[in-house]
Amino acid sequence: MCGIVGIIGSGPVNQEIYEGLTVLQHRGQDAAGILTSEQNRVFLRKDNGLVRDVFYQRHMLQLQGNMGIGHVRYPTAGCDSRAEAQPFYVNSPFGLALSHNGNLTNTAELGEALFREDLRQINTNSDSEILLNVFAHELYGAIGSKRIRATHEDIFRAVAGVFKRCRGAYAVTVLIVGYGIVAFRDPRGIRPLVFGSRIEASGKISRMIASESVALDVLGFELERDVKPGEAVIFDLDGKVTAKICAADPKLMPCLFEYVYLARPDSIMDDVAVYKTRMRMGEKLGKRLKHNWPDHDIDVVIPVPDTSRTSALQMAWELGIKYREGFIKNRYIGRTFIMPGQAERRKSVRQKLNAIDLEFRGKNVLLVDDSIVRGTTSKQIIQMARDAGAKKVYFASAAPPVRFPNVYGIDMPTTDELIGFGRSADEICQAIGADRVFYQDLQDLEDAVREGNSNIEGFDSSCFSGEYVTGDVTEKYLSDIGSTRGIRAEELSGNELDSTVITELY
């Protein structure tokens, strides 16, 4: 998963893009980059690492201009080198830079076509570089040979061409030198993208685009709306906004996992408050537990920090049981799920969490987490609870079992790594060492999100249901991407493909 930011301001934007990226750091800890533009020049700094480690004062001073885009990278299969940090830049036509959140599902096909038909050379394994070159080629074709400057209609035609050629999930910002910033979102709206405005003291209007509304909030921008599925939005240098639907059959089908785990709770995406959604998740899971186990013997509900706190608190209220904080985390350890190597994930579990014995000793404890993906870390957390003196340890997941690969930008592409694949709840319970396991129902999860916006037409629930909303994911594709990840995991982890439950550290 990645985070993207774009700003057109009345003054230098380098510091605000930096601050926006730090707010979105939870979406990617692997690499960061900022590109700014002043007149007809661009300035770029990107590297592997956290935002605070990539940018020093000397870099910030070089990032000149009132327009820019930024990116924080989450490492997906085949994408972990410094060269693949974003934004990407090409100098024709005009000078284009792109930041991308998501994952294309027809990367190989596009790469071949770009080389043989469009005569463009790709220098990395990143699908984002391919996406940029597709847009550049489409824009060049839309302009024609008689124009030296693009019009809005040229840009809309170029984005329409991208929608026809590119499949998968993509929320994108493209900076066009001397022109402005274009934001667009795939025809299913799988990945989030919002924009807003701020009136400056001078009376001029600044514009901001970001993956989550919280980035706008922190910088004092007022949220206007989401970029719609299949829509392109042009922000010109004067702050004017022009939008058009460029896809043939757009449908709003956002990724459920954004609401379960990826987004910050204080964000609003597709008119849905993430915090409220997680409250409803806990309420529905509590009702389901009461219905299926009315004579339970749970003494206390304890969340696995941090994402599950909201759901756990509401679940405890629904059950009429005490809620307690039983784990203290070290805030200087990064998010386990988005660490680049499995060995790093395993090593960090006990470094980042420590149990408070008094909350466990002699009690039947219900641990609540947002989801169970690979399972090894949940097993360790359950053991920590037992070591702290718990009599029984029950485990509840605010999401359904993760049984299938995600191919739209979340790095869990092989079924072999998923503890939920091919196992019943009882078998998962035994594997992680719990006394009992409770899962959210998929329909309940979808209802929890849709209560915030009844206009949502469907969801990307592929990791729970195995149904891929782009309609192009085959068994061969899943096999190929699984092989790619297997090679990368071996390189990073010395063949140790151990696993983790998703836990949050903001």
Side-chain angles (χ1 to χ4, degrees), residues 1-2 26-27 74 76 101-103 105 168-171 185-194 211-213 226 229 251-265 267-285 288 307-308 310-311 314-315 337-338 368-374 396-413 415 418 420-421 438-471 473 501-504:
M1 192 50 47
C2 301
H26 62 283
R27 297 186 69 87
Y74 160 97
T76 52
N101 172 29
N103 187 62
T105 55
Y170 45 97
R185 196 174 172 199
D186 70 77
R188 294 293 173 263
I190 298 171
R191 294 289 160 229
L193 195 60
V194 301
S211 294
E212 296 184 32
S213 64
D226 300 84
K251 293 181 180 179
L252 181 55
M253 305 181 76
C255 174
L256 274 177
F257 222 68
E258 289 280 355
Y259 299 94
V260 169
Y261 164 73
L262 293 170
R264 276 182 42 153
S267 284
I268 297 174
M269 301 185 308
D270 292 312
D271 291 328
V272 178
V274 176
Y275 177 78
K276 289 288 189 180
T277 295
R278 291 177 183 169
M279 287 183 63
R280 291 189 288 265
M281 288 161 56
E283 179 184 357
K284 291 177 184 297
L285 186 56
R288 179 168 291 274
T307 319
S308 64
T310 307
S311 296
Q314 193 67 15
M315 193 174 182
F337 181 65
I338 56 177
V368 181
D369 210 343
D370 49 69
S371 56
I372 307 172
V373 179
R374 297 172 180 88
S397 167
V402 178
R403 302 189 187 278
F404 302 95
N406 182 287
V407 300
Y408 299 129
I410 303 174
D411 195 25
M412 49 178 183
T415 53
L418 304 176
F421 180 73
F438 306 92
Y439 274 108
Q440 185 80 265
D441 177 73
L442 179 56
Q443 187 61 57
D444 283 348
L445 176 58
E446 292 183 352
D447 290 344
V449 179
R450 191 178 274 115
E451 281 183 40
N453 182 0
S454 60
N455 292 322
I456 294 176
E457 298 179 66
F459 295 96
D460 165 41
S461 60
S462 53
C463 57
F464 308 122
S465 66
E467 298 176 4
Y468 297 90
V469 296
T470 54
V473 178
V501 63
I502 292 182
T503 52
E504 177 87 28

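Small disclaimer: the values here were computed from a predicted structure and weren't measured. What you see below is based on every heavy atom in this structure, not just the backbone, and it leaves out hydrogens, waters and symmetry mates.
A search for side chain to side chain contact (heavy atoms under 4.5 Å, CB included) contacts involving P401 returns R403, Y439, not counting sequence neighbours. Here L285 pairs with M315, A396, Q440 under the side chain to side chain contact (heavy atoms under 4.5 Å, CB included) rule; sequence neighbours left out.
Counting only distance, with no hydrogens or angles, the side chain of R278 and the backbone of S308 share no donor-acceptor pair below 3.5 Å. Between the side chain of S371 and the main chain of A399, no donor-acceptor pair closer than 3.5 Å is present. With hydrogens and angles ignored, the 3.5 Å screen pairs a side-chain donor or acceptor of N101 with a backbone N or O of C2.
With rounding to the nearest 0.5 Å, the separation of CD1 in I372 from CG in D370 is 9.5 Å. Atom OH in Y275 sits 8.0 Å away from atom CD in Q314 (nearest 0.5 Å). Remark: Y170 OH to T105 OG1 distance equals 9.0 Å, nearest 0.5 Å. The line from CG of N406 to CZ of F464 is 9.0 Å long, rounded to the nearest 0.5 Å. Once rounded to the nearest 0.5 Å, the distance linking CZ of R264 with OG of S213 reads 9.5 Å. Taken from CE in M253 to CD1 in I456, the straight-line distance is 10.5 Å, to the nearest 0.5 Å.
Among all heavy-atom pairs drawn from P192 and R185, the shortest one is CA-NH2, 3.9 Å. Of all heavy-atom pairs spanning S211 and R27, the tightest one is CB-NE, 3.9 Å. Shown here for D441 and P400, the closest heavy-atom pair between the two residues is C-CG, 4.1 Å. The two residues M281 and S311 have their closest heavy-atom pair at CB-OG, 3.9 Å. For the pair A398 and L445, the tightest heavy-atom approach, listed with the atom from each and the gap, is O-CD1, 4.5 Å. Of all heavy-atom pairs between E212 and L262, the closest is OE2-O, 3.9 Å.
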* To do: Go through the steps for T470 and D186 under the test side chain to side chain contact (heavy atoms under 4.5 Å, CB included), then give the verdict.
  => CA-CA 10 Å; T470 54; D186 70 77; 5.9 Å; no

* Asked: Would K276 and E283 satisfy salt bridge (Lys or Arg N to Asp or Glu O under 4.0 Å), going step by step from the backbone distance to the final call?
  -> CA-CA 11 Å; K276 289 288 189 180; E283 179 184 357; over 6 Å; no

* Start with the C-alpha gap between R191 and E258, add the side-chain angles, then the distance that decides, and say whether side chain to side chain contact (heavy atoms under 4.5 Å, CB included) holds. => CA-CA 8 Å; R191 294 289 160 229; E258 289 280 355; 3.2 Å; yes

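Within the structure, side-chain hydrogen bond (donor to acceptor under 3.5 Å, both in side chains) contacts touching residues 448-459 (residues at least two apart or in different chains) are K284-E451.
The pair R288-D444 meets the salt-bridge criterion, with a side-chain N (NZ, NE, NH1 or NH2) lying under 4.0 Å from an Asp/Glu carboxylate O.
Considering only heavy atoms from C-beta on, V373 comes within 4.5 Å of L418 through its side chain. Looking only at side-chain heavy atoms (C-beta outward), T415 and P405 come within less than 4.5 Å of each other. Put simply, the side chain of C255 does not reach to within 4.5 Å of the side chain of F459, judged on heavy atoms. A 4.5 Å side-chain heavy-atom check between L252 and D226 finds every atom pair outside the cut-off. R280 is not listed as a side-chain neighbour of D447, based on a closest heavy-atom distance of 4.5 Å or more. With contacts defined as side-chain heavy-atom distances shorter than 4.5 Å, the pair S461/L442 qualifies. At a threshold of 4.5 Å between non-hydrogen side-chain atoms, the residues P254 and M269 do not count as touching.
The aromatic rings of F404 and F421 lie perpendicular to each other, with more than 60° between the two planes, well past the 30° mark.
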